[in-house]
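A note on names: the letters A, B, ... follow the listed sequences, proteins ahead of strands, and every chain is numbered from 1.
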Protein chains: 2
Amino acid sequence: MTKTATPSPEAIKAWARLMRVSRQLIEQAEEALKDSGLPPLAWYDVLHELAEAGEGGLRPFQLIERTLFAQYNISRLLARLEADGLVEKLKAADDGRGQTIRISAKGRETRRRMWAVYGRSIMELVGAKLSADELRTVSALLGRLRLPPATD
Amino acid sequence: MTKTATPSPEAIKAWARLMRVSRQLIEQAEEALKDSGLPPLAWYDVLHELAEAGEGGLRPFQLIERTLFAQYNISRLLARLEADGLVEKLKAADDGRGQTIRISAKGRETRRRMWAVYGRSIMELVGAKLSADELRTVSALLGRLRLPPATD
DNA sequence: GGGCGATTGATGCAATTGCATTAATATAGA
DNA sequence: TCTATATTAATGCAATTGCATCAATCGCCC
């Protein structure tokens with residue numbers, strides 16, 4: 001008689017909390033952005049990576065690695081960002097297939113305005129609820145849940 | 001000169017970890033279900049609530065409260081579940097507007113099969129990575145990030 | 001009882017996501 | 001070099017989500 005193995009109550013509880021809290025927080029942050037007439041979080045993620053990358057820009061596949069978005073998702077998101085003038089697509093110098101994506105001045109400005117709202121959400125939703133020590137503890141424990149780099 | 005208030009580095013780090021890890025975990029769990037030819041997590045959430053509710057079933061608005069899905073989302077999800085024979089919609093006895101949703105035998109069976117896969121994901125992705133104590137710590141800290149019941 | 005705002009649930013339509021496939025180029029190997 | 005395979009990015013089409021609105025009660029208050 002084989003019994004289906006079930007996770008420990010502690011694991012189930014932690015999982016449930018993680019699922020629920022992350023959804024709530026995302027929802028709150030998205031709502032704050034929308035209320036300010038700003039684009040969704042996904043745009044911020046991409047603009048943030050591109051801003052960090054600087055003038056050299058990034059290739060789309062690098063954005064995929066950094067943001068965890070699906071390939072087709074990045075492809076279309078970049079199309080929208082370009083249509084809005086927030087990024088530029090440049091032919092990649094050394095790879096005929098690829099492009100290099102660079103954030104524009106308008107893109108930087110949009111990112112700045114998004115951060116004013118997004119940062120406030122983070123402060124209120126997380127920074128104000130736990131001490132610095134507790135935040136470090138959460139980060140460390142969550143860090144142990146990251147996937148091993150190469151799952152294939 | 002007014003400087004934009006920014007969250008502490010600890011808050012930013014914890015937020016980033018939470019966003020990234022939760023996305024990874026969800027993706028992994030969804031993939032495991034799909035690989036087994038099972039429906040997505042959202043179905044599980046609803047079937048789980050309905051199974052807990054027992055024969056009395058639940059009203060759609062109660063599912064919305066418990067699962068945090070949007071109203072139109074629940075409405076359509078229930079339509080799909082009903083089309084698949086996993087739930088039954090009954091006219092609510094005491095409220096001419098409403099319905100009562102009850103899980104069917106097939107629904108219970110589907111939930112059971114989903115749990116075999118989903119539970120394993122939870123074990124591997126969370127249970128195997130942290131000790132029971134650490135899991136309790138995570139749960140407690142994440143619990144403090146929940147929203148105050150009435151935000152309006 | 002009758003009217004009116006609130007609640008419950010569904011739905012038309014636009015935007016986004018997911019899936020599968022495609023086109024173009026790069027790279028490695030015979 | 002020439003071919004086979006892998007990588008990079010886009011896209012057609014179906015499914016899902018989000019938004020706004022609607023229809024049908026309900027319940028309160030007069």
Side-chain angles (χ1 to χ4, degrees), chain A residues 23 26-35 37-46 49-50 57-84 87-102 150 152, chain B residues 23-24 26-46 49-50 57-84 87-102 150 152:
Chain A
R23 257 194 288 183
I26 290 167
E27 193 179 349
Q28 293 292 306
E30 292 280 16
E31 187 182 326
L33 287 170
K34 188 169 336 186
D35 288 351
L38 292 167
L41 274 186
W43 290 38
Y44 183 84
D45 289 346
V46 168
E49 293 299 336
L50 290 174
L58 286 176
R59 300 280 303 270
F61 74 88
Q62 295 178 297
L63 282 169
I64 291 168
E65 294 166 359
R66 286 165 169 70
T67 61
L68 309 181
F69 289 125
Q71 184 271 321
Y72 55 80
N73 224 323
I74 284 290
S75 176
R76 281 157 167 156
L77 183 41
L78 288 176
R80 282 173 236 151
L81 288 170
E82 187 188 28
D84 263 46
V87 306
E88 300 170 294
K89 293 187 180 183
L90 314 167
K91 267 201 245 310
D94 55 340
D95 187 334
R97 295 166 298 185
Q99 326 164 21
T100 297
I101 311 297
R102 197 166 56 192
D152 325 327
Chain B
R23 256 194 288 181
Q24 281 187 341
I26 290 167
E27 193 179 349
Q28 293 293 307
E30 292 279 16
E31 188 183 325
L33 287 170
K34 188 168 337 185
D35 288 351
S36 300
L38 292 167
L41 274 185
W43 289 38
Y44 183 85
D45 289 346
V46 168
E49 294 298 338
L50 290 174
L58 287 176
R59 300 281 301 270
F61 73 89
Q62 295 178 297
L63 282 169
I64 291 168
E65 295 166 359
R66 287 166 170 70
T67 61
L68 308 181
F69 289 126
Q71 184 271 321
Y72 55 80
N73 223 323
I74 284 289
S75 176
R76 282 159 167 156
L77 182 42
L78 289 176
R80 282 172 237 151
L81 288 171
E82 187 188 28
D84 264 47
V87 307
E88 301 171 295
K89 293 186 179 183
L90 313 168
K91 268 201 244 309
D94 54 339
D95 187 335
R97 295 165 298 184
Q99 327 164 20
T100 297
I101 310 297
R102 196 167 57 192
D152 325 328

Handout entry: Separation of atom CG in B:Leu63 from atom C1' in C:dG9, rounded to whole Å
Key = 12 Å

Problem - Atom-pair distance (CG on A:Leu81; C1' on D:dA10), nearest Å - result: 16 Å

Exercise for the section: Specify the separation, in whole Å, of atom CG of B:Leu78 and atom C1' of C:dG9. Expected result: 10 Å

Exercise for the section: Decide, yes or no, whether a salt bridge links A:Arg66 with A:Asp45 under the criterion of side-chain N to carboxylate O below 4.0 Å. Expected result: no

Check nucleotides 19-23 of chain C for protein N or O atoms closer than 3.5 Å to its own N or O atoms and list the pairs.
| from | atom 1 | to | atom 2 | distance (Å) |
| --- | --- | --- | --- | --- |
| C:dC19 | OP1 | B:Lys34 | NZ | 2.4 |

Practice task
Return the value, rounded to whole Å, for the distance between atom CG of B:Asp94 and atom C1' of D:dT25.
Solution key: 12 Å

Practice task
Please report the shortest heavy-atom distance between B:Pro60 and B:Ile74, naming the atom on each side.
Solution key: O-CG2, 4.2 Å

Problem - Nearest-neighbour nucleotide for the B:Arg97 side chain, C:dT25, D:dT17, D:dC26 considered - result: D:dC26

Problem - CA sep, side-chain torsions, deciding dist, call: B:Leu77, B:Trp43, side chain to side chain contact (heavy atoms under 4.5 Å, CB included) - result: CA-CA 8 Å; B:Leu77 182 42; B:Trp43 289 38; 3.2 Å; yes

Completion exercise
One should read off an interatomic distance between A:Thr67 OG1 and A:Asn73 CG, to the nearest 0.5 angstrom, of 8.5 Å

Practice task
Take atom CD1 of B:Ile74 and atom C1' of D:dG18, then tell me their distance rounded to the nearest Å.
Solution key: 15 Å

Handout entry: Close residues, residues 37-45 of chain A, relative to DNA chain C [heavy-atom separation under 4.0 Å]
Key = none

Problem - Flag, side chain of B:Glu82 to backbone of B:Ala79, donor-acceptor distance under 3.5 Å - result: no

Handout entry: Contact under 4.0 Å: A:Lys91 side-chain N or O vs D:dT8 OP1/OP2
Key = no

Exercise for the section: Quickly work out the A:Leu58 CG to D:dA9 C1' distance and round it to whole Å. Expected result: 15 Å

Problem - Atom-to-atom span, CG of A:Leu77 to P of D:dT11 - whole angstrom - result: 15 Å

Problem - Distance below 4.0 Å between A:Lys89 side-chain N/O and D:dT8 OP1 or OP2 - result: no

Problem - Steps toward side chain to side chain contact (heavy atoms under 4.5 Å, CB included) verdict (B:Leu50, B:Arg102) - result: CA-CA 6 Å; B:Leu50 290 174; B:Arg102 196 167 57 192; over 6 Å; no

Handout entry: B:Arg76 vs B:Arg80 side-chain heavy atoms within contact, under 4.5 Å
Key = yes

Fill in the blank from the handout: Nearest-nucleotide check on DNA chain C, A:Asn73 vs B:Arg59; residue mapping nearer the 5' end is B:Arg59

Completion exercise
Rounded to whole Å, the CZ-C1' distance (A:Phe61 to D:dA10) equals 16 Å

Practice task
Compare all side-chain heavy atoms of B:Leu33 with those of B:Pro40 and state whether any distance is below 4.5 angstrom.
Solution key: no

Exercise for the section: Go through the steps for B:Val46 and B:Ile101 under the test side chain to side chain contact (heavy atoms under 4.5 Å, CB included), then give the verdict. Expected result: CA-CA 10 Å; B:Val46 168; B:Ile101 310 297; over 6 Å; no

